[in-house]
Structure formats: structure tokens, C-alpha cells
2 protein chains.
Amino acid sequence: MNKKGTIKKTASKKCRQIIDTARNLFWFHGLRRVSVEEICQTAGVSKMTFYKYFKNKIDLILFILNEMFREGVTRYKGIMAQNVPFAEKAKEVIRMKLEGTKDFSQEMLKDLMQGNIPEVAELMQSMKEKNYKLILDDMFEAQKKGEIRRDINLQFIPYFLNKMADMAGDEQMISMYESPQSLTAELINFFFYGILTEKGEDK
Amino acid sequence: MNKKGTIKKTASKKCRQIIDTARNLFWFHGLRRVSVEEICQTAGVSKMTFYKYFKNKIDLILFILNEMFREGVTRYKGIMAQNVPFAEKAKEVIRMKLEGTKDFSQEMLKDLMQGNIPEVAELMQSMKEKNYKLILDDMFEAQKKGEIRRDINLQFIPYFLNKMADMAGDEQMISMYESPQSLTAELINFFFYGILTEKGEDK
DNA sequence: TAATATAATACAATAAACGTATAGTTATAG
DNA sequence: CTATAACTATACGTTTATTGTATTATATTA
């Protein structure tokens, strides 16, 4: 342990195993249905090792979520740093957001959203806000450069991105399309061109 | 309750709700991860009502499995009673078997097979045997009529059908094909024609 | 109305999961 | 080699979840 009472969690092999195993189990079964013991057994790790690295299950969950969030931000920045037209970058970002949600099982989403675990709900909230600001800044730049309509309220964009992610995960919505990919495409096109044909480029 | 200490379980609406809800939950999360309380809550039914109709969770599971088995037999007999060429009926039966397995979640299969719950393991065993005999009889008839090679050991057929069902659920196998359907088709063709081109009809 | 089905709640009994203590076993760096 | 850290195994007390029942009350229905 260091001065702050935490441990460098990525240092050990076993710790990585715990994290990866848990990520998998949570992914498929959500948070509630997976116990610490199950994680340990599946990871082939003693319970003591678990509690060496994590205070408890929630601590582990928060760590995993933070990690995923960091990955997301990295990917986002990677895309935005590319030297390609704004519209292309934006498309990639949207695709990332939409398909990122699809990754989780329905169960995971439930456990994540329904404020059943306050710590998790808080973290999710703060992640959303940070994400929101990150995107807002980039949109501000893009608008200055004339890449986005002047008359649109910028705050609408990160807000709508989140809504889109919800839609991409909504069973009812998915069932209206022949594949999740075609729904993704629909949402992207809608985001850029609205519903009017004149503005559209493809088709 | 009747003389034997059981109840006609299909009589009541609520009971149906319990059964259907449980079937859904088990389907997605397997047996272990689903509790009686969760079933009741999801079904909108009081716990007392549950215990009126079922001794416990296992009792419910067994009932559901029996029901599914009965459905399977009915479907099987329905197919075999059709007045079409043997090969066609056989294809349909195989398709039914293969796609029936795919219905379950991986979790459900695990709980079903791994003899974690002895009663369930027993039931599964006895179902397999009954199924086995059922098919064997039909194959015997078919062989008498000259619809199946004389020199094949009939016992091999129901045995191999079960193996095929396993294969159709095997992740490794599935990943080798572009879709589960194409794997199904492959297995069916293999079953009828082996690997030699001369015997094959299509392609 | 009498009988039946169901709900709501509280409750004791049981089981599962949690988190810690202890002791012993690899690994590994000095 | 040895001291230290990483880890395992297991047992254990505690807490929480689940089970199954008892009781009382309320709709439904024959």
C-alpha cells in the first residue's frame, strides 16, 4: 500500500486476472448476479488476493468503470486528433458511442442505470458530465471553424448523443431494423442530415 | 390439491404467469442466478401463490422442463406424421433439434448439464433416453422401408443427433461459420450425405 | 353467500455471500 | 540462501439474501 491507502492495481498479474474476469462476468450477467466468490473461482484466485486489491465488489466495479471510461476518452481523443474532415471524425465518434452501448448485456445496463448502487450511479453521472464537457469543447471549436451550423445550440449535441446511445440499445427500436448496424447507420445519417432529402449526400 | 398431493398447474392464470416468467428468466440467466422472489416479483404474483403451486424452485424447474420436453415430442411426432419423403421429415427434425438448443443461454445449458442439481440431471438423462428410443423406433421403420442405408447401425443415429445438437451450441464451432444457420445447414448436409461429393444433391 | 384464489406482510429457518484471521506455500530479488 | 512479497487454502464469525410458512385480509367467482 502507498501513502494514500491504495495499491497500484495494474502491477500484478493476478489483479489483472481479477479485473478481466469480473469484466467478463459483469458483462454477461450484470453486477447483482455476480458474487466476489464467483469472480475469484473463475479467475483462479484466492479470495484473500481479491481483498488485497479491492475493498469490496463495489470498489472493483468502480475501478472497472473508470478504466472503461478512460479507454473511451482515449479512443475519442484519438479519433478527434485525426487530420480528416470534421464530418468523418464525428461519424466515427457516433459509431463508437452507439456500438459501445450495445456491448453490455441488458442486465448490465439495468444494474448500471437503476440507482441500485449509489456509488455506481454517482460515477456514471460524473462520467456523463465529463464526457459532455469534452464533446462540448470540441463542438465549440468546430462551430467556430464553420463546420457546424451557426444557429444550433451546441449543448444540444452532447445531449442528443446520449439519447442516441439509448435508442441504439432500445429493443423496440432495434426490432424496427433488419440489423443493429442499419439502425446505427440510420441514426448517424439522421444526426448529420436530419430528415430532408436535399441536404443528404448518399442516397 | 388432489389425492396425489399435486395440483392441476395449468388451471390458474397466475400459475401460468409464474411458469412463463420463470421460463423467461431461466432462459436468460440460467437456474442458479434466478431466485423465487425474483420470479414472483417479475410475474406480479405473491410468494404464497408460488408455493401453492410449486413445492420449491426445483419443482418449478422440473415442471418447465417436462413441459418443454412434451412440446418437443409433440413437434417431433407432428413432423414424422407428415406424408412427405423421409429425407424431408428428417431434415426438419434435425433443424428442430439444432435450433432448439440454440434457444438456451450458455448459462442455462451449464446449469442444466453440470449435475449441480441432481433432480434436474436425472430428468435430463431420462428425457434423453426417451427421446433416443422414440427416434430409434422411427429409424427402424425407415430402415425397413429402405429409406436408410441397410449397413448402418441404427443406434448411431439418435446418438449422433445429440452430438450434433452439442456442436450447434459450441462457440468454437459457430465462430467457424458466418451464421448459425449456415452451421445448421452444414450439419444437416453432412448428416445425409457425408463428405463425398458424388452422393450430394445440391452443389 | 360460501368457497376459492390471491395479496400483503411478518417471521423463523436456512443458505449464501461477505470480509478477516491464520497458517502455509510458492516466487523472487538481494 | 534468505528475507520479503505474492499468493493459496481454509476456517470462521458476520451480515445479507432466500426460503418456506403462518396469519390476516381482500378480491373473485360459482
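In what follows, chains are A, B, ... by sequence order, proteins preceding strands, each numbered from 1. These numbers were taken from a predicted model, which means no experiment stands behind them.
Atom CG in A:N116 sits roughly 10 Å away from atom P in D:dA17 (whole-Å rounding). C:dA13 atom P lies 19 Å from atom CG of B:N56, rounded to whole Å. D:dT19 atom P lies 14 Å from atom CG of B:D59, rounded to whole Å. Distance A:Q41 CD to D:dT8 C1': 14 Å, rounded to the nearest Å. Rounded to an integer number of Å, the gap from NZ of A:K14 to C1' of C:dT25 is 13 Å. Nucleotide D:dT18 holds its P atom 8 Å from the CD atom of B:E38, rounded to whole Å. Distance CZ (B:F54) to P (C:dT6): 12 Å, rounded to an integer number of Å. A straight line from NZ of A:K13 to P of D:dA5 spans 18 Å, rounded to a whole angstrom.
We find that B:E122 and B:K128 are not joined by a salt bridge, their nearest charged nitrogen and carboxylate oxygen being 4.0 Å or further apart. A salt bridge links A:E38 to B:R33: at least one charged side-chain nitrogen sits closer than 4.0 Å to a carboxylate oxygen. Electrostatic pairing of B:E107 and B:K110 counts as a salt bridge here, judged by a charged N lying under 4.0 Å from a carboxylate O.
Side-chain proximity of A:E37 to the nucleotides D:dT8, C:dG19, C:dC18 is greatest for C:dC18. Closest to the B:M48 side chain, of the nucleotides D:dT19, D:dT29, D:dT23, is D:dT23. Among the nucleotides D:dT21, D:dT8, D:dA6, the one closest to the side chain of A:K52 is D:dA6. Which of D:dT21, C:dC18, C:dT6 sits closest to the side chain of A:Y51 comes down to C:dC18. In this structure, of D:dT19, C:dA7, D:dC7, it is C:dA7 that holds the atom nearest to the side chain of B:S46.
In this structure, B:K55 does not reach the D:dT19 phosphate: none of its side-chain N or O atoms is under 4.0 Å from OP1 or OP2. Distances shown here put every side-chain N or O of A:K47 at or beyond 4.0 Å from the OP1 or OP2 atom of C:dT20. A close approach under 4.0 Å does occur between a side-chain nitrogen or oxygen of A:Y53 and OP1 or OP2 of D:dC7.
In this structure, A:T49 reaches the bases: a heavy-atom distance under 4.0 Å links it to at least one base atom across the strands shown.
Classified by interplanar angle (parallel below 30°, tilted 30° to 60°, perpendicular above 60°), the ring pair A:F191/A:F160 is parallel.
For the pair B:E119 (side chain) and B:L62 (backbone), a donor-acceptor distance under 3.5 Å is absent.
Between the NZ atom of A:K77 and the CD atom of A:Q82 there is a distance of 15.5 Å, given to the nearest 0.5 Å. Going from atom CE of A:M80 over to atom CG of A:D138 covers 4.0 Å, rounded to the nearest 0.5 Å.
With DNA chain C read from its 5' end, the first of the two nearest nucleotides for B:G44 and A:F50 is the one closest to B:G44.
Two end axes, each from the C1' atoms of five base pairs, can be drawn for the helix from C:dT1-D:dA30 to C:dG30-D:dC1; they diverge by 30°, to 10 degrees.
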